[in-house]
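Let me begin by presenting the structure, written as structure tokens, before commenting on it.
Computed from heavy atoms alone, side chains included, the values below leave out hydrogens, waters and symmetry copies. Just so we're on the same page: letters track the sequence lines, and every chain starts at 1.
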Amino acid sequence: MRMSRLFLRTLRDDPAGADIASHRLLLRAGCIRQVASGMYAWLPLGQRVLAKVAQIVREEMDAAGAQEMTLPITQPLELWERSARNDDYGPLMFRLEDRKQVKFCLSPTAEEVITTIVAGELESYRDLPVNLYQINWKYRDELRPRFGLLRAREFLMKDAYSFHVDVDDLRRTYQDMFDAYSRVFTRCALTFRPVEGESGEIGGDINHEFMAMAEIGEDDIVWCPKCDYAANAEVARRRSEQGDEQGDEKHDGASGDAALEKVYTPGMPGITAVAQHLGAAEGELLKCIAFHLDDGVGLALLPGDRELNEAALRKAVAPRTARLFEDDDFAAHPGLVKGYIGPDASGVALVISDPLVSAPHAWVTGANDTDHHVRNAVLGRDFQVAEWADLVAVVPGDPCPSCGSPLSIDRGIEVGQVFQLGTKYAEAMGALYTDEESEQHPMVMGCYGIGISRIVTAVVEEHHDELGITWPAALAPYDMHLVAITGKGKATGEVSEAADKLYEELTAAGVSVLYDDRDASPGVKFADADLLGMPVRLTLGAKGVARGVVERRNRKTGEDDELPLEGAAAALRG
RNA sequence: CGGGCUGUGGCGCAGUUUGGUAGCGCGCUUCGUUCGGGACGAAGAGGUCCCGGGUUCAAGUCCCGGCAGCCCGACCA
């Protein structure tokens, strides 16, 4: 491609509001332009990257036995009512009506549609398994789009859906998809980690998220440097047993024999203030968190230096539902004094505690009385616990649940997810098959997503420097960036001629080349080449032409060398 | 949806406090010089100052009402 003809304008200044590297650089390099909040146009350069990511995904999906198709983006809302997901999604889904007032939505995902189609086509166990996918635009009316393409309202996603006679068969395909995903992200040059994840709106049981490790990621990833344990912080656990941390020095200060003692702590509803006032470590305080448990009230107990993992609490009390108290709720429950709740508060239906509380210890905790706490609260003597469950949010250094080594926490961008769905959609949409005994069963499903446009963001986050993007070879819009330094005088024609010739030879040899044939100064051309980030830059100037050489620079490493002009195209093809 | 903020040539911004008919840098056009890391000179083009109402002799600026976008939080792939 001749740059003089390319639809491209690079930006010298950082666009306002583009705060993260990928957003800033994709805009500056002319890959994308914003059209509305969370909606982006893909310009020619960006389009080529998007297409390359999509092609890698396509190749790996095909190799894993999935079949590509295309589903409509606009889908009848009626299908979503049948699976009850119209309500589940709520305002997160874009909705519209046609001229006859029939309701539609813009697809955020496609379980309902694909399951309906499969239900109409396949009836026998002989037809299964089947794995179908599409690469198509998806829509979510996010509360707050941000970070450019990372949290957009329109995004390109590969979504696959597999149908099986039973869970064992599903597991085989699930593993195939898991392996295919690892190949995709490896080919995209991402540093990634598969982690145990939460299922969100899609539902289902077993699932893994593929996380591209990045500072700007929106998810916390708990992972073990010693073994392969890794999980989204929402579902991450620490190794814990009853009696855990026995003899820990932070618990040594108080004796179990001392009597319960009420102390005056005026205007100190927070852990930090109480700990300071009483000269205790925050870990010596017992935190009591009130929540609604169906019709009753529950208390969650954990050490004062720990945070509650709400997802863990919800899971621990399932199938009952838990919802944390908000300020208004305390008025209806006078036995619970906000900021001064004790584990023995009245009117509590369930006291559930993290195992960290089980160590023999005299706690400082709320007195269930405004402006008062108590010292020396002892488990079994002064308060009781009905249920034990992991409730605390994991922090770095906690023991790994698999091997006990200290855990690390880093940020990640979710670029893919695989689910074992079960029969939820097959049942709702009537996708049944007939087995050898002529009996009908709902198909067992899996679904598998990859955020194509989000991968582009993750790749730029990982592959850039202060000058611009440093595309991995597999995703670069062009293989090489040829810069002609034409200079002046009689050499100008010679350099242009030599550069034209090299460009044509490379193109003929199957190398994709972005050829800077513009009438611009060398500084401008070099700066743009750095910004656009092709993996290899070829420079041809008057001196080089005179000596019969072309210079080559590796964008990522900065390494330079020279090649003879004669036969350069053949050498560069390899 | 709470909190903070911004809408002025393609991009980045000043001008709004104190109302007087729009400016700077980059980019763009033409000519000349220059030509290996964002050159220089000269001459130009380009603006419904987000939209609608109001106040005023006069509104980018003041008042009222909308809309859009950004950041923090809650939420979420």
For [N], the Watson-Crick or wobble counterpart (both distances under 3.5 Å):
N      : value
A42(B) : U30(B)
A59(B) : none
G36(B) : none
A74(B) : none
G12(B) : C24(B)

Can you tell me how far [atom1] in [N] sits from the matching atom in [M], rounded to whole Å?
N      : M      : atom1 : value
G9(B)  : A14(B) : P     : 13 Å
C62(B) : U17(B) : C1'   : 11 Å
G2(B)  : G38(B) : C1'   : 44 Å

Starting at [atom1] of [X] and ending at [atom2] of [N], how long is that distance when rounded to a whole Å?
X       : N      : atom1 : atom2 : value
L106(A) : A77(B) : CG    : P     : 18 Å
E142(A) : C1(B)  : CD    : P     : 16 Å
L149(A) : C76(B) : CG    : P     : 22 Å
I452(A) : A77(B) : CD1   : C1'   : 13 Å
L324(A) : C75(B) : CG    : C1'   : 15 Å
R33(A)  : G12(B) : CZ    : C1'   : 13 Å
D220(A) : A77(B) : CG    : P     : 16 Å
F210(A) : A77(B) : CZ    : P     : 17 Å

Sugar-phosphate, base or nothing in reach of G451(A), heavy atoms under 4.0 Å: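 Contact class for G451(A): none.
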Indicate, with a heavy-atom threshold strictly under 4.0 Å, whether R151(A) touches base, sugar-phosphate, or nothing.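 Base: the residue R151(A), judged by heavy atoms under 4.0 Å, touches a nucleobase.
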Side-chain H-bond candidate by donor/acceptor type, [X] with [Y], under 3.5 Å:
X       : Y       : value
S83(A)  : E111(A) : no
H481(A) : R537(A) : no
H23(A)  : Y40(A)  : yes
Y139(A) : S107(A) : no
E196(A) : N232(A) : no
T70(A)  : N136(A) : no
S22(A)  : E461(A) : yes
N86(A)  : R95(A)  : yes
T470(A) : D465(A) : no
Y503(A) : D517(A) : no
Q417(A) : N207(A) : yes

Listing time: all N or O pairs from protein to nucleotides 38-40 of chain B that are below 3.5 Å?
residue	atom	partner	partner atom	Å
G38(B)	O2'	R12(A)	NH1	2.7
G38(B)	O6	R28(A)	NH2	3.1
G38(B)	N2	D528(A)	OD1	3.4
A39(B)	OP2	S521(A)	OG	3.4

Base of [N], side chain of [X] - is there a donor-acceptor contact under 3.5 Å?
X       : N      : result
R537(A) : G37(B) : yes
D530(A) : G37(B) : yes
Q34(A)  : G69(B) : no

Taking for each residue the nucleotide of RNA chain B with the nearest heavy atom, is it R454(A) or S37(A) whose nucleotide lies nearer the 5' end? S37(A)
Pick the nucleotide of RNA chain B nearest each of P15(A) and G38(A); which residue has the one closer to the 5' end? P15(A)
Side chain of [X]: nearest nucleotide among [options]?
X       : options                : answer
D13(A)  : C76(B), G25(B), G69(B) : G25(B)
A16(A)  : G12(B), G36(B), C76(B) : G12(B)
F155(A) : G69(B), G36(B), A77(B) : A77(B)

Scan nucleotides 71-73 of chain B against the protein and return all N/O pairs shorter than 3.5 Å with their distances rounded to 0.1 Å.
residue	atom	partner	partner atom	Å
C72(B)	OP2	R144(A)	NH1	3.2
C72(B)	OP2	R144(A)	NH2	2.6

Interface residues of residues 181-195 of chain A with RNA chain B (non-hydrogen, below 4.0 angstrom): none
Assess whether salt bridge (charged side-chain N to carboxylate O under 4.0 Å, His left out) is satisfied between K138(A) and D159(A), documenting all intermediate values. CA-CA 10 Å; K138(A) 301 293 185 300; D159(A) 45 326; 2.8 Å; yes
H208(A): which of F419(A), Y181(A), Y174(A) passes side-chain contact (heavy atoms from CB on, under 4.5 Å): Y174(A)
